[in-house]
Novice: 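Shown below is the structure under consideration.
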Amino acid sequence: MDNLVIEAKKDQIKKTAIKIGGMHCAGCITAIQNYMSDVDGVEKCQVNLAAEKATLEYDSSVINLENIENLLKDIGYTVVYEKFSAKIDGVSDSVNSEKLKTNLIGIAGVREISVNTENSQVVIEYNPALLSSSDLRGMINRSGFQILSEDDVVSSEGIEARKLKRLFIIGVIFSMPVVIFGYPEFLSFVPFAGTDTAAYLIFVCASIVQFVVGRRFYVGAYRIAKIKSANMDTLVVTGTTAAFLFSVWNTFPTPVWENIYYDAAAIVVTFIILGKYMEHKTKGKASSIIRKMLELQPKTTRIKKGDEEIDVPIESIQPGDIVIVRPGEKIPVDSIVADGFSAVDESMITGESVPVEKKPGDRAIGGTVNHEGSLVLQATKVGNDTILSQIVKLVEDAMGTKPPMQRIVDKIAGYFALIVLVVALGTFLTWYFVAPDGAGIAIALIPAVAILVVACPCALGLATPTAIMVGMGKGASSGVIFKGGDALEILGKIQVTVFDKTGTLTEGKPKVTDIIPVNTSNRTNDNSELDDANTLLRFTAIAEKNSEHPLAKSIVQNAKDMNLHIESPSEFVSIPGKGVRAVFEGKEILVASPSQMKREGVDLNSIEENIFNLQQEGKTVVVTTHDGKLIGFIALLDIPKPSAKTTLRELEKLGIDVVMLTGDNQRAAATIAKDLSISRVFSDVVPSEKVEIIKQLQNEGKKVGMIGDGINDAAALTQADVGIAVGSGTDIALEAGNVVLLRNDLFAVISSIEISKKTVGKIKQNLFYAFVYNAVLIPFAGLGLLYPALAGLAMATSSVSVTLSSLSLKRWNPQKI
């Protein structure tokens, strides 16, 4: 009964993402996370400042998405929805209009659909954190409608950038009179300098900057105050408002020029708006990897319908369609080559720089570029099922997660603004009491305002997510996908790498070298058919037909090459890591390792010496019984991957120990280990034992990375501190891994470690900049050595410099063989 309740609970837990507008600094992150985490039904909330996105898990039986969005609006943040506008053929009447609405309105992320049947115009309001315009095009096409044309719609980022630019221009225009008339002692030649008229004029100009240009800061400070927290807006509003009000007090009725500091407010607000604009533009560059990956697919392609070739939108391609791709064109979707020979550039997906030869039967990946010959392809996966779409989703999800380092920074940033307020108050009081009589407030105000303005939680909030975005983007372009911030941070710290042998260190395509039937002279004539080597191979292949193990696939392929008829067994059971058991024509066939055969009670004395000799040659031996009788054994040889030696040598240079795990016998394992210079080997290991070995290494106090590609490795990949799944492996292995290598090149392990180290190093560098900036400039401001206007410029520069520092990662590339 308890299990049923747990399962029902799991079904009710939903995961979603929301794009949030109005976040300015790390204080916003902490405030939103703390507030939402206290809401009944919200299980988890993570906010990414750089992506301006919140990822939530919630219990749908307690709260729904609309309630969550309303709660965010209640505390003053905006939930960002974008609009997709297009002319669509076939919606000129109400029936088809309702059909389109019905098909799309239930999709997660689609908020509202409006259709104008007079001009066939459709406007869809959607959540950009869950859907893209490409997704919407596909949904429209699959609903049976065709897009005739699309309107240019500016993204939410573009709209925000335009607003900030406009506000900055307004700020400059109205700050100039404040500066020109605000220093009569230096600019006495300016008309009206030092007069009451000039004082009233700069009051008007400063008011426009303070409350029009700076309105967003008041809104932000108000909403953060509603949830009893503080952020950058709180500091800016407190400091600039204090300077502005003190200046107003000394402007009316008669100006006291030595106590007027409108510039300390107006210029600060203008500089910070400039900083937010530049930060917005640089953040866009940091997150451009997703946009660039989506642009890899062509918008249209050519398909064959009968004898005719027609151009169609990529979203209308269906599995099974025949696609024509000429030299220089992009392959639209995942396909199988039906006809033609060519070389395809897959570097944008796998990071493999050398074009890959393609022939009939080979797989082609959507988004890659056909180089030489024309290819006729049969579409296999389209839309969200393509490799490119899955990569984009993995990268997007990973960017929304936080490494342990960021969680610590968020906690610090949550208290940062409050600490700065206390420091500013203490500075004000200190200066007030040491100042000469009658000059206390005027002298104390400037350093206090400078502290409030120069303190920058923005840099702290951007230091990690911008580096993570660029690092993960660099990984994706190198064929390495990090599935979370934790994996990206921890991978560079691993001390031991544990490699599965077959298919990871070796090619995973063992060749059958020996087929040896057992002498059956003691059998009756009825069983004499089993003396033949082809019969031994055929029965072994029948038993292995449903197995996914590389040895099994090689045996089956060898039988096919020999033109043997391989029927399907009536029953099939896998013995994990050791063999298979099958029933064919009412009789049991057992195919297993020699050690497993002994456990099954099979007498191997007559062939033990033969098996030993083959194993000494590094071969793997499987033994076959039919109806309980030994009928022979087959030897296979698997060779190391070309990149294996180089990879292991580089790991040693990095000070990382190498361990090999295999289900093979000790002698076969020792041959491969000797060839690759691996000193620590665990052989005859079943899948459950792999997990125990990982635990054993972890108990030695070491961080362990497990590299594997098969279903037998899934548990070990999960147990390791970081599981690295080789992209040529099974889906379950890719699901279990924290890091996915998209190319079947073992040196990508080195690339992934280098990317981790470089990204974490950049995060530490950014955090160092952010902390040192505050540690140096806050005391500097407190001593009265930093005027508020310069403090505002320094604050604006700090967040931009941190983002630009992260962007410098784009110029670096991990080493390749």
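Start at 1 with the first residue, then count along the sequence. Note that these values count all heavy atoms, side chains included, but never hydrogens, waters or copies made by symmetry.
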Novice: For Thr270 and Ser175, which I'm curious about, is there any donor-acceptor pair between the side chains at under 3.5 Å?
Specialist: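 A donor-acceptor contact under 3.5 Å links the two side chains.
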
Novice: Is there a side-chain contact between Asp233 and Ile224, using heavy atoms and a 4.5 Å cut-off?
Specialist: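 No, too far: nothing below the 4.5 Å cut-off.
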
Novice: Measuring only between side-chain heavy atoms, which start at C-beta, is Leu452 closer than 4.5 Å to Val420?
Specialist: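 Contact flag for Leu452/Val420 side chains = yes.
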
Novice: Step by step, work out the side-chain contact (heavy atoms from CB on, under 4.5 Å) result for Val236 and Val453.
Specialist: CA-CA 6 Å; Val236 172; Val453 171; 5.8 Å; no

Novice: Quick one: pull up NZ in Lys226 and CG in Asp74 and give me the separation to the nearest 0.5 Å.
Specialist: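 Going from the NZ atom of Lys226 to the CG atom of Asp74 covers 6.0 Å.
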
Novice: How many angstroms lie between atom CD1 of Ile273 and atom NZ of Lys163, to the nearest 0.5 angstrom?
Specialist: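 The NZ atom of Lys163 is 11.5 Å from CD1 of Ile273, to the nearest 0.5 Å.
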
Novice: What's the spacing between Ile490 CD1 and Asp486 CG if we round to 0.5 Å?
Specialist: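 Between atom CD1 of Ile490 and atom CG of Asp486 there are 5.0 Å.
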
Novice: With side chains defined as the heavy atoms from C-beta onward, is the minimum distance between Ile63 and Leu71 less than 4.5 Å?
Specialist: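 They are in contact (side-chain heavy atoms under 4.5 Å apart), so the answer is yes.
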
Novice: Using the side-chain contact (heavy atoms from CB on, under 4.5 Å) rule, take Val80 and Asn127 through it: C-alpha gap first, then chi angles, then the decisive distance, then the call.
Specialist: CA-CA 7 Å; Val80 177; Asn127 181 349; over 6 Å; no

Novice: Taking atom CZ of Phe768 as the centre, report whether more than 12 heavy atoms of other residues, nucleotides or ligands fall under 6.0 Å from it.
Specialist: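 At most 12 heavy atoms, drawn from other residues, nucleotides or ligands, come within 6.0 Å of this atom.
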
Novice: Looking at residues at least two apart in the chain, or sitting in another chain, which of them share a side-chain hydrogen bond (donor to acceptor under 3.5 Å, both in side chains) with Thr797?
Specialist: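 Counting only residues at least two positions away or on another chain, Thr797 forms no side-chain hydrogen bond (donor to acceptor under 3.5 Å, both in side chains).
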
Novice: Between Trp431 and Ile446, is there a donor-acceptor pair closer than 3.5 Å when you use the side chain of the first and the backbone of the second?
Specialist: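 Absent.
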
Novice: Please confirm whether the backbone N or O of Ser798 pairs with a side-chain atom of Ser801, one donor and one acceptor, at under 3.5 Å?
Specialist: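 Yes: the side chain of Ser801 pairs with the backbone of Ser798.
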
Novice: How many angstroms lie between CG in Leu235 and CG in Leu421, if you round to the nearest 0.5 Å?
Specialist: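 Reported to 0.5 Å precision, the distance equals 5.5 Å.
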
Novice: Between Tyr58 and Val62, is the side-chain contact (heavy atoms from CB on, under 4.5 Å) condition met? List the steps.
Specialist: CA-CA 8 Å; Tyr58 63 97; Val62 178; over 6 Å; no

Novice: Under the 3.5 angstrom rule, does the side chain of Lys483 hit a backbone N or O of Val739 as a donor-acceptor pair?
Specialist: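 No, because the side chain of Lys483 does not come within donor-acceptor range (under 3.5 Å) of the backbone of Val739.
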
Novice: Using only heavy-atom distances, determine whether the side chains of Glu69 and Tyr81 contain a donor-acceptor pair under 3.5 Å.
Specialist: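 Side-chain D/A pair, Glu69 to Tyr81: present.
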
Novice: Decide yes or no for Leu72 and Met36: does some side-chain heavy atom of the first lie under 4.5 Å from some side-chain heavy atom of the second?
Specialist: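 Side chain of Leu72 against side chain of Met36, heavy atoms only: contact under 4.5 Å found.
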
Novice: Report yes if some heavy atom in the side chain of Phe482 is under 4.5 Å from a heavy atom in the side chain of Ile755; otherwise report no.
Specialist: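 Result yes, sub-4.5 Å side-chain heavy-atom pair found.
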
Novice: Taking all atoms of both residues into account, what is the closest heavy-atom pair of Tyr126 and Lys83, and its distance?
Specialist: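 Looking at all heavy atoms of both residues, the closest pair is CE2-C, 3.9 Å.
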
Novice: How far does CG of Leu164 sit from CD1 of Ile272, to the nearest 0.5 angstrom?
Specialist: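 The distance works out to 12.5 Å.
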
Novice: Compare every heavy atom of Val178 with every heavy atom of Ala206, then report the nearest pair and how far apart it is.
Specialist: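 Shortest heavy-atom contact: N-CG2, 3.9 Å.
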
Novice: Taking C-beta and beyond as the side chain, do Lys493 and Asp721 meet within less than 4.5 Å on heavy atoms?
Specialist: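 Side-chain contact under 4.5 Å: no.
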
Novice: Let's go through Thr251 and Tyr262 carefully: what are the C-alpha distance in whole Å and the side-chain angles of both, what is the deciding distance for side-chain hydrogen bond (donor to acceptor under 3.5 Å, both in side chains) to 0.1 Å, and is it a yes or a no?
Specialist: CA-CA 10 Å; Thr251 301; Tyr262 286 117; 2.8 Å; yes

Novice: Determine the minimum heavy-atom distance between Lys762 and Ser806, stating which atoms define it.
Specialist: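 Result for this residue pair: CG-CA, 4.1 Å.
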
Novice: If you draw a 6.0 Å radius around NZ in Lys73, do more than 12 non-hydrogen atoms from other residues or ligands fall strictly inside?
Specialist: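 Counting other residues, nucleotides and ligands, NZ of Lys73 exceeds 12 neighbours.
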
Novice: Is a donor on one side and an acceptor on the other found under 3.5 Å between the side chain of Ser477 and the backbone of Lys474?
Specialist: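 The answer is yes, because a donor-acceptor pair under 3.5 Å joins these two groups.
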
Novice: Please report the shortest heavy-atom distance between Gly485 and Met472, naming the atom on each side.
Specialist: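 Here Gly485 and Met472 meet closest at N-CE, 3.9 Å.
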
Novice: To the nearest 0.5 Å, what is the distance between CG on Leu807 and NZ on Lys810?
Specialist: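 Going from the CG atom of Leu807 to the NZ atom of Lys810 covers 6.0 Å.
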
Novice: Heavy-atom count around Phe780 CZ within 6.0 Å, excluding the residue itself: above 12?
Specialist: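 No.
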
Novice: Carefully, step by step, assess Thr464 and Asn766 under the rule side-chain hydrogen bond (donor to acceptor under 3.5 Å, both in side chains).
Specialist: CA-CA 7 Å; Thr464 301; Asn766 287 350; over 6 Å; no

Novice: If we count only N and O atoms by modelled type, under 3.5 Å, do the side chains of Thr55 and Lys44 hold a donor and an acceptor together?
Specialist: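 There is no such pair between these side chains.
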
Novice: Which of parallel (below 30°), tilted (30 to 60°) and perpendicular (above 60°) describes Phe203 and Phe252?
Specialist: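 Answer is perpendicular, since the angle exceeds 60°.
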
Novice: Consider ring pair (Phe, Tyr, Trp, His ring centres under 6.0 Å). Of Trp249, Phe211, Tyr218, which one does Phe244 pass it with?
Specialist: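 So, applying the ring pair (Phe, Tyr, Trp, His ring centres under 6.0 Å) to Phe244 and each of Trp249, Phe211, Tyr218, only Phe211 qualifies.
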
Novice: So, for Leu786 and Ala781, which heavy atoms are closest and what is the spacing to 0.1 Å?
Specialist: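 What the structure gives for the nearest pair is CB-CA, 3.9 Å.
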
Novice: Report yes if some heavy atom in the side chain of Thr240 is under 4.5 Å from a heavy atom in the side chain of Phe217; otherwise report no.
Specialist: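 With C-beta onward as the side chain, the pair stays apart.
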
Novice: Should the pair Tyr787 and Tyr261 be assigned to parallel (<30°), tilted (30 to 60°) or perpendicular (>60°) ring geometry?
Specialist: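 Taking Tyr261 first and then Tyr787, their aromatic rings sit tilted (interplane angle of 30° to 60°).
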
Novice: Taking all non-hydrogen atoms of both residues into account, name the closest pair between Ala467 and Thr759 and its distance.
Specialist: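 Closest approach of Ala467 to Thr759: O-CG2, 3.5 Å.
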
Novice: Check the side chains of Asn64 and Lys14 for a donor-acceptor pair under 3.5 angstrom, ignoring hydrogens and angles.
Specialist: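 The criterion, which ignores hydrogens and geometry beyond distance, is not satisfied for Asn64 and Lys14.
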
Novice: If you count every heavy atom of other residues, nucleotides or ligands that lies below 6.0 Å from Glu66 atom CD, does the total exceed 12?
Specialist: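 No, because the 6.0 Å sphere around CD of Glu66 holds 12 heavy atoms or fewer from other groups.
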
Novice: Go through the steps to decide whether Asn70 and Val79 satisfy the test side-chain contact (heavy atoms from CB on, under 4.5 Å), and finish with yes or no.
Specialist: CA-CA 9 Å; Asn70 288 335; Val79 177; over 6 Å; no

Novice: Evaluate the side-chain proximity of Gln46 to Leu56: yes if any heavy-atom separation is below 4.5 Å, no if none is.
Specialist: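 Side chain of Leu56 against side chain of Gln46, heavy atoms only: no contact under 4.5 Å found.
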
